[in-house]
Amino acid sequence: MARYLSITQKIYLLTLLLVVITLTGSVAFNVYYTWKELSQREYELTFSLSHLLDTSLPEKYFQIIEHPQLENAEKITQANQILQPLVTQLLQAFPGYGAGVYSRKLNAIVAFGPDFNPKGLIDIRPNSPARAVYSTREPLRYDSYSQTRQAQVLAIIRPVIRDQEILGHVWSNITQKSFNNLFYHKIVEQLPLFIFLCLFAVLGSRLITARFLNNLRTFRDRIQRLDLVKNDLRQFSPELLEIYEEVRTSYERLSISEARFRDVVSAFDEYVWEIDLQARYTYLSDKTRELIGQDPSLLVGQNIYERIHADDIYKVRQHIELGISSAQGFRDLEFRRIRHNGQLGWYKNSAVAILDPNTHQVIGLRGATRDVTTNKQQEAQIHYLAYHDALTGLSNRNALKQELQKLCDQQTYNEHTFSLLFIDIDRFKEINDNFGHTLGDKVLQQMAETMRRLLPVNATLARLGGDEFMALLPKTDSNIAEKHALILQKAFSRPLIIQRQRLHISACIGIALAPDDGESPDTLSQSVDTALYTAKVQGPGQIRFCTPQASQSMLEQIRLQHELFLAVKQQQFSLAYQPQLITCGAYQGQVMSMEVLLRWQHPELGFISPARFIPLAEETRLIIELGHWVLKTSCHQVRQWQLEHQLDNLRVAVNISSVQFVREDFVQQVADILEETGLPASCLELEITESVAMEQAEQVSLKLNELKRMGIWLALDDFGTGFSSLKYLKIFPFDILKIDKSFVDGIPHDQQDTRLVEAMIHLAQGQNMQVVAEGVETEEQIKHLSQGGCDLIQGYYFSRPLPPQQTLEFLLEHQLACKTPADNV
Ligand SMILES: Nc1nc2c(ncn2[C@@H]2O[C@@H]3COP(=O)(O)O[C@H]4[C@@H](O)[C@H](n5cnc6c(=O)[nH]c(N)nc65)O[C@@H]4COP(=O)(O)O[C@H]3[C@H]2O)c(=O)[nH]1
């Protein structure tokens, strides 16, 4: 219980106890002393009384006793008559006392009081202790039973000695009861004094205690203020001085340590807090104001869970409870807290348990909290960047991969299927290169927005890079997947108007379904690749599922790629030449030039069209080697014919792929070949498609100008099929414009094509360029083209591409026109 009392209560109780002990002691002592004093007084009185009685015994008494003639009985009667009044008188002066006279000679008590009874004149008992006085001759004191008073008495027995003879004895006594009464009255008389003393002691102790406590309080206050000087302490005590010195030293140490702690706390980016077992703040450092925008003193007493984001409360509660129960605290607990200004902040917390120094029980937690909002935002930003495409804001390849993996893992195929749509914009490269990357980006953004708007909300739409998009549609079968693809296709068919340009964009879509086309991300990706590939092969704006046939053609493609490598190694290629004839004028019908075309005769697969393998060769960059071979072989061949058959001005047109052209050493390669083969530059024509021209216009321009300076003819191939043919005519130094077969095909029945071709010829003439129409198959076409002013005709009508020997024969049959780039037709 003592543990539950305050120090003040303890001091009160102790003082009271001391008072009670003191009082009890003093009362006991007083009682004892009173009793002792009383018994001494009674002894003295009794002694005096017996002495008085002894000395008062008259001479006559002794005469009676010694009277020779008197009978003993008569002696007793007469002695009594003499002594009894004496005894009675004496006892009246000493109320409460008894006294008596015993004659030894008469062997009788001859007088006694206070209650004399004549019948009581009796012998003294043989065993009475009073008889002892005869042998000691001294007064005796004893406490015994009195024969005469029939009670317990305190008595003095005194021998009556006359002439050395012991004649008997006298006694005086007081009954025990009378003594007790006297004692009792004495005590009662002292009672007011006792009470007074008690009150005085209690009040005194109360005053002393109060003064002591007051001093203690003053001492404490002054210790707290540490403004005591040694002189002050004299009024307390040396012990207190010692305590004070210790306290002051400790306090100074504590102050230094606290200042250090405060400095550390304010130097770090954390605010420090303490909570009790009910998770209420008991302390918060000043930094709290800065980090959560609230006055720390207002937070003390508040529950830590207040203002924590609802989603995080459970986690925080778990950490705090476990931290307390395990006495281990916790580390790196992150939660969101609503700041005073209403904004949400992220905070990272670590805490240790606070132990009671005496019981070593956990009484709370002490922790530090750091504002990690910026880190979290950066993390979120990094996460966003890691999983989103910066241009369109759609998911990126990583995010799609994860989502695909998730769906594959969750898949219960009997219940759900999902589909993958692979969307690839047709001829996006041309748009991009033609109108610039800014517009290209806008196209991608608008297409992305269209898809995001049209696809279901649970779909994951990602941009994989470039113009490739992929959509993951959960819980869709083939019908639904196709429906979504058609919706997208329809939306794409509407022209896009960007930067005042009206663009007709289409996209191919490949579809793969899980689990039919694959059960893992890899197999599904392969399937949807195949589906898209099949769609692409079919032409722009196509939608295709992944079918066994599609897979087959993909496989074929892969095999072809392999075969192409072998073919280059084993030199399975040859060249064919297709003549270009003059349409009008003096040289009409004569060969002006020849386009060299690559031929691949596979030992098993037979003839493989360049339209099939050239894109593959470009993809694998084998075209660099192949193209070099074509250029060198054809230059060599033509130079041979020139020398052997005086075909001095025979010109050869070589197709140049963009992969070849962009190489830094391309111009040098051409120069080397010309030098090696001896073919004059004026007998070489390089056919370059728009796609070549579109790459880095400045460098292209530099290269073209250099080639042109060398005297090489430059032809813009497939004119009209791209987006910006016209622009290229203006900015690049082309000598020849080749009208694509797709326009020639329409002559003369398709009015639009016919007009377009006429316009192209007109345009080329305006630029002082030769015009070559390719793919000419009919006389009607020739008629129209020659009437329109087309300079050269190439096509089956005159000749298919021919192997070298037949080409030579054709050349020798048709007279060769002698022209140079300088004097154009
Ligand atoms: N139906 C029809 N076709 C006609 C007619 N006249 C010519 N052709 C075909 O049209 C193509 C003309 O070549 P291109 O436009 O440069 O188109 C070429 C060219 O872009 C590319 N190519 C061919 N050889 C090479 C080469 O050595 N290097 C590069 N980079 N590409 C080449 O392959 C494409 C296809 O070449 P080919 O299959 O040889 O097809 C040739 C030729 O055989 C006609 O009246 N009717």
Side-chain angles (χ1 to χ4, degrees), residues 567 571-583 587-602 606-611 613-614 626-657 670 673-674 676-688 712-715 717 735-736 738 741 744 770 772-778 781-782 785 790-821 825:
Q571 297 179 340
Q572 294 172 4
F573 296 96
S574 61
L575 294 179
Y577 299 85
Q578 190 175 29
Q580 296 170 347
L581 285 89
I582 300 168
T583 51
Y587 299 101
Q588 188 178 6
Q590 290 194 13
V591 176
M592 172 82 196
S593 179
M594 287 178 308
E595 183 180 3
V596 63
L597 295 158
L598 189 58
R599 292 291 173 259
W600 181 14
Q601 187 67 33
H602 189 272
F607 177 76
I608 301 168
S609 160
F613 71 80
I614 290 286
L626 268 176
H628 188 263
W629 180 79
V630 170
L631 188 64
K632 194 172 167 182
T633 312
S634 58
C635 286
H636 184 73
Q637 176 69 81
V638 171
R639 184 60 189 155
Q640 254 189 343
W641 285 335
Q642 283 180 346
L643 293 174
E644 287 171 11
H645 304 281
Q646 289 80 44
L647 299 171
D648 291 349
N649 290 322
L650 177 61
R651 197 166 80 198
V652 65
V654 184
N655 286 290
I656 301 296
S657 153
V670 176
I673 288 172
L674 287 178
E676 212 178 301
T677 57
L679 188 75
S682 59
C683 295
L684 177 64
E685 176 185 327
L686 299 179
E687 288 193 10
I688 290 159
I712 295 166
W713 293 71
L714 300 173
D717 203 1
D735 307 298
I736 299 162
K738 286 194 83 176
K741 180 178 180 300
V744 175
Q770 280 189 4
V772 180
E774 65 181 351
V776 180
E777 293 179 343
T778 65
Q781 288 170 335
I782 294 174
L785 286 164
C790 177
D791 302 300
L792 295 167
I793 301 272
Q794 176 185 351
Y796 290 180
Y797 182 80
F798 291 118
S799 170
R800 288 180 172 258
L802 301 168
Q805 189 50 41
Q806 288 178 30
T807 308
L808 181 63
E809 287 165 14
F810 187 93
L811 283 172
L812 295 176
E813 257 178 53
H814 296 78
Q815 240 187 326
L816 190 70
C818 305
K819 290 285 171 189
T820 65
V825 190

Participant: Looking at every heavy atom in both His645 and Leu808, which two are closest together, and how far apart are they?
Facilitator: NE2-CD2, 3.4 Å
Participant: Where the side chain of Arg599 meets the backbone of Ala576, is there a donor-acceptor pair that is under 3.5 Å apart?
Facilitator: no
Participant: Do Leu575 and Trp629 have side chains that approach each other closer than 4.5 Å (heavy atoms only, starting at C-beta)?
Facilitator: yes
Participant: Students often mix this up, so state it plainly: with edges at 30° and 60°, are the rings of Phe573 and Phe613 parallel, tilted or perpendicular?
Facilitator: tilted
Participant: Return yes if a side-chain donor-acceptor contact under 3.5 Å exists between Asn655 and Glu595, otherwise no.
Facilitator: yes
Participant: Using only atom types and a distance under 3.5 Å, with no angle test, would you say the side chain of Ser593 pairs donor to acceptor with the backbone of Gln580?
Facilitator: no
Participant: Go through the steps for Leu684 and Ile673 under the test side chain to side chain contact (heavy atoms under 4.5 Å, CB included), then give the verdict.
Facilitator: CA-CA 11 Å; Leu684 177 64; Ile673 288 172; over 6 Å; no
Participant: What heavy-atom pair brings Asp648 and Cys683 nearest, and what distance separates the two atoms?
Facilitator: O-SG, 3.6 Å
Participant: Any side-chain heavy atom of Ile582 within less than 4.5 Å of one from Leu792?
Facilitator: yes
Participant: Could you state the interatomic distance from NE2 (His636) to OG1 (Thr677), rounded to the nearest 0.5 Å?
Facilitator: 8.5 Å
Participant: To the closest 0.5 Å, what do you measure between OG (Ser799) and CD1 (Ile793)?
Facilitator: 13.5 Å
Participant: Measure across Leu647 and Gln642 and return the closest heavy-atom pair with its distance rounded to 0.1 Å.
Facilitator: O-CG, 2.8 Å
Participant: Kindly indicate whether the side chain of Leu686, heavy atoms from C-beta on, has any atom under 4.5 Å from the side chain of Leu631.
Facilitator: yes
Participant: Mind running side chain to side chain contact (heavy atoms under 4.5 Å, CB included) on Leu581 and His814 for me, showing each step along the way?
Facilitator: CA-CA 9 Å; Leu581 285 89; His814 296 78; 4.0 Å; yes
Participant: Can Ile712 and Leu674 be said to form a side chain to side chain contact (heavy atoms under 4.5 Å, CB included), step by step?
Facilitator: CA-CA 10 Å; Ile712 295 166; Leu674 287 178; 3.9 Å; yes
Participant: Quick one: does any side-chain atom of Trp713 pair with a main-chain N or O of Ser682 as donor and acceptor, under 3.5 Å?
Facilitator: yes
Participant: Are there more than 12 heavy atoms of other residues, nucleotides or ligands under 6.0 Å from atom CD of Glu644?
Facilitator: yes
Participant: Could you state the interatomic distance from OG (Ser634) to CE (Met594), rounded to the nearest 0.5 Å?
Facilitator: 9.0 Å
Participant: If you measure from CG on Leu598 to CD1 on Ile608, what distance do you get to the nearest 0.5 Å?
Facilitator: 11.0 Å
Participant: For the atom pair CD (Glu685) and NZ (Lys738), what is the distance rounded to the nearest 0.5 Å?
Facilitator: 6.5 Å
Participant: State whether the side chain of Gln588 and the backbone N or O of Thr583 hold a donor-acceptor pair below 3.5 Å, judged by distance alone.
Facilitator: yes
Participant: Specify the closest pair of heavy atoms between Thr807 and Leu802, including all atoms of both residues, with the distance to one decimal.
Facilitator: OG1-O, 3.0 Å
Participant: Step by step, work out the side chain to side chain contact (heavy atoms under 4.5 Å, CB included) result for Gln806 and Tyr577.
Facilitator: CA-CA 9 Å; Gln806 288 178 30; Tyr577 299 85; over 6 Å; no
Participant: Could you tell me whether a side-chain N or O of Gln781 sits under 3.5 Å from a main-chain N or O of Thr778, the two making a donor and an acceptor?
Facilitator: yes
Participant: Working to the nearest 0.5 angstrom, can you tell me the gap between Phe810 CZ and Arg800 CZ?
Facilitator: 13.5 Å
Participant: Which atom names give the shortest non-hydrogen contact between Arg639 and Gly678, and what distance separates them?
Facilitator: NE-O, 3.1 Å
Participant: Are more than 12 heavy atoms from other residues, nucleotides or ligands located less than 6.0 Å from atom NE2 of His602?
Facilitator: yes
